[in-house]
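Accompanying notes for the structure given below.
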Number of protein chains: 2
Amino acid sequence: MSLTHIQSFVAVAEECHVGRAARRLHLTQPPLSRHILALEDELGAPLFERTGRGMRLLPAGEAFLVHARRILSEVDAAVHTVRGVVGNSGES
Amino acid sequence: MSLTHIQSFVAVAEECHVGRAARRLHLTQPPLSRHILALEDELGAPLFERTGRGMRLLPAGEAFLVHARRILSEVDAAVHTVRGVVGNSGES
DNA sequence: CCGCTGTCATGCCGAAACAGCATTGGACGC
DNA sequence: GCGTCCAATGCTGTTTCGGCATGACAGCGG
């Protein structure tokens, strides 16, 4: 599991569509599709239902989405916190 | 930035020693050293002071450590939540 | 019923990332 | 100054990864 996979998952969950999510992430559809498959494989459960017209979140996917968003914002907060500490320490 | 890098950072922060952290992660010293350097490069600030006898956390590193631990436990929680949802949905 | 379209999955290949080995460079204690 | 211990770096073989081309399948119109 990597942060890239989590970002991919969130994008697909929000778009319900691998192709659109791929464009949003400046990626192509195949690797993105593989990210989702890898995630499902690692978690041992499918996260999406493949509808033939896109992807729909399953309950397990909804549950994961909550945590996924929290992880990504925590990463963002970590980056900003470090920048803040460094910036303040050097200020007059 | 990847979850692997964050795990490496936490291990080094706790051991104050790249070699020991490497053993703990079943890894060797050079890649682990590079993980830390990559993290510092990405954050734009050093996280450790190199003491010639090991590594000591700088203030920026302490700040990052708090978030790093939270990220890792959130990932853990995400995995367990998905397993829980799947397990319960199939129970009688 | 049959092709047409739109979607995700897969086979394949070249490029990039990665881990480990060997070595260097530097700090500390004697 | 010398030996020891540490992190950093050069290098190489392997693995991972992204993109292209294609396959497999569902849904729709005729």
Side-chain angles (χ1 to χ4, degrees), chain A residues 1-62 64-65 68 71-72 75 79 82, chain B residues 1-62 64-65 68 71-72 75 82 86:
Chain A
M1 166 135 41
S2 88
L3 290 176
T4 304
H5 290 171
I6 295 175
Q7 282 177 299
S8 298
F9 168 77
V10 172
V12 171
E14 288 176 350
E15 300 284 351
C16 295
H17 192 287
V18 179
R20 276 195 299 273
R23 276 198 302 279
R24 197 169 113 185
L25 297 170
H26 305 293
L27 218 63
T28 53
Q29 176 259 324
L32 194 41
S33 187
R34 280 189 280 251
H35 289 182
I36 303 299
L37 291 171
L39 217 46
E40 293 178 325
D41 181 68
E42 186 168 353
L43 292 170
L47 301 173
F48 290 99
E49 181 191 354
R50 276 72 170 174
T51 65
R53 253 343 176 231
M55 317 268 284
R56 191 192 345 263
L57 272 177
L58 292 173
E62 305 252 21
F64 189 70
L65 181 58
I71 291 165
L72 294 181
V75 169
V79 173
V82 170
Chain B
M1 166 134 43
S2 86
L3 290 175
T4 304
H5 290 172
I6 295 175
Q7 281 176 301
S8 299
F9 167 78
V10 172
V12 171
E14 288 175 351
E15 300 284 351
C16 296
H17 192 288
V18 178
R20 278 195 298 273
R23 275 198 301 279
R24 197 169 111 184
L25 297 170
H26 305 292
L27 217 64
T28 53
Q29 176 259 325
L32 194 41
S33 186
R34 281 189 280 251
H35 289 181
I36 304 299
L37 291 171
L39 218 47
E40 293 178 325
D41 181 68
E42 186 168 353
L43 292 169
L47 301 173
F48 291 99
E49 180 192 356
R50 276 73 171 174
T51 66
R53 252 349 177 225
M55 317 268 283
R56 192 194 343 264
L57 272 177
L58 292 173
E62 304 254 21
F64 189 71
L65 180 58
I71 291 165
L72 294 181
V75 169
V82 169
V86 174

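Everything numeric here is computed off the predicted structure, so don't read it as measured data. By convention in this document, chain letters (A, B, ...) are assigned in the order of the sequence lines, proteins followed by strands, and residues within each chain are numbered from 1.
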B/Leu32 atom CG is separated from D/dC6 atom P, nearest whole Å, by 14 Å
Residues B/Pro46 and B/Leu58: closest non-hydrogen pair is O-CD1, 3.7 Å
To the nearest angstrom, the CZ-C1' distance between A/Arg56 and D/dA26 comes to 13 Å
For A/Arg23, the salt bridge (Lys or Arg N to Asp or Glu O under 4.0 Å) test, sequence neighbours excluded, returns none
Assert: residue with more 5' nearest nucleotide on DNA chain D, out of A/His5 and B/Ile36, is B/Ile36
By nearest-heavy-atom nucleotide on DNA chain D, the more 5' of A/Arg34 and A/Thr51 is A/Arg34
Check nucleotides 2-8 of chain C against the protein and report each pair of N or O atoms closer than 3.5 Å, with its distance, or say if there are none.
{"residue": "C/dT7", "atom": "OP1", "partner": "A/His17", "partner atom": "NE2", "Å": "3.1"}
{"residue": "C/dT7", "atom": "O5'", "partner": "A/His17", "partner atom": "NE2", "Å": "3.3"}
{"residue": "C/dC8", "atom": "OP1", "partner": "A/Val18", "partner atom": "N", "Å": "2.7"}

Here the distance between atom P of D/dC5 and atom CD of B/Glu15, to the nearest Å, is 18 Å
Would you indicate what B/His35 reaches in the nucleic acid, counting non-hydrogen atoms under 4.0 angstrom: base, sugar-phosphate, or nothing? sugar-phosphate
- Message: Using a 4.0 Å heavy-atom cut-off, does A/Leu37 contact any base of the nucleic acid, only the sugar-phosphate backbone, or nothing at all?
- Response: sugar-phosphate
Across all chains, not counting sequence neighbours, the salt bridge (Lys or Arg N to Asp or Glu O under 4.0 Å) partners of B/Arg24 are B/Glu14, B/Glu15
Rounded to whole Å, CD of A/Glu49 lies from C1' of C/dA9 at a distance of 17 Å
Residues pairing under ring pair (Phe, Tyr, Trp, His ring centres under 6.0 Å) where one sits in residues 31-53 of chain B, two or more places apart or in two chains, turn out to be B/His5-B/His35, B/Phe9-B/Phe48
When rounded to whole Å, the CD to C1' distance for the pair B/Glu40 and D/dA8 reads 12 Å
Minimal heavy-atom distance between A/Leu27 and A/Pro31, with the atoms involved, is CG-CG, 4.3 Å
Residue set satisfying side-chain hydrogen bond (donor to acceptor under 3.5 Å, both in side chains) with B/Glu40, at least two apart, ordered chain then number -> B/Arg50
Value for CG (A/Leu39) from CD1 (A/Ile6), rounded to nearest 0.5 Å, stands at 7.0 Å
Distance col, row B/His17:NE2 vs B/Thr51:OG1, nearest 0.5 angstrom, shows 9.5 Å
Taken to the nearest whole Å, CG/B/Leu25 to P/C/dA19 is 11 Å
So, with a heavy-atom separation below 4.0 Å from DNA chain D, the residues of residues 6-14 of chain B are none
Taken to the nearest whole Å, CD/B/Glu42 to C1'/C/dA17 is 15 Å
For B/Leu32 and B/Val18 the tightest heavy-atom approach is CD2-O, 3.6 Å
For B/Leu27, report the nucleic acid contact type (base, sugar-phosphate, nothing); a contact means any heavy atom under 4.0 Å.
sugar-phosphate
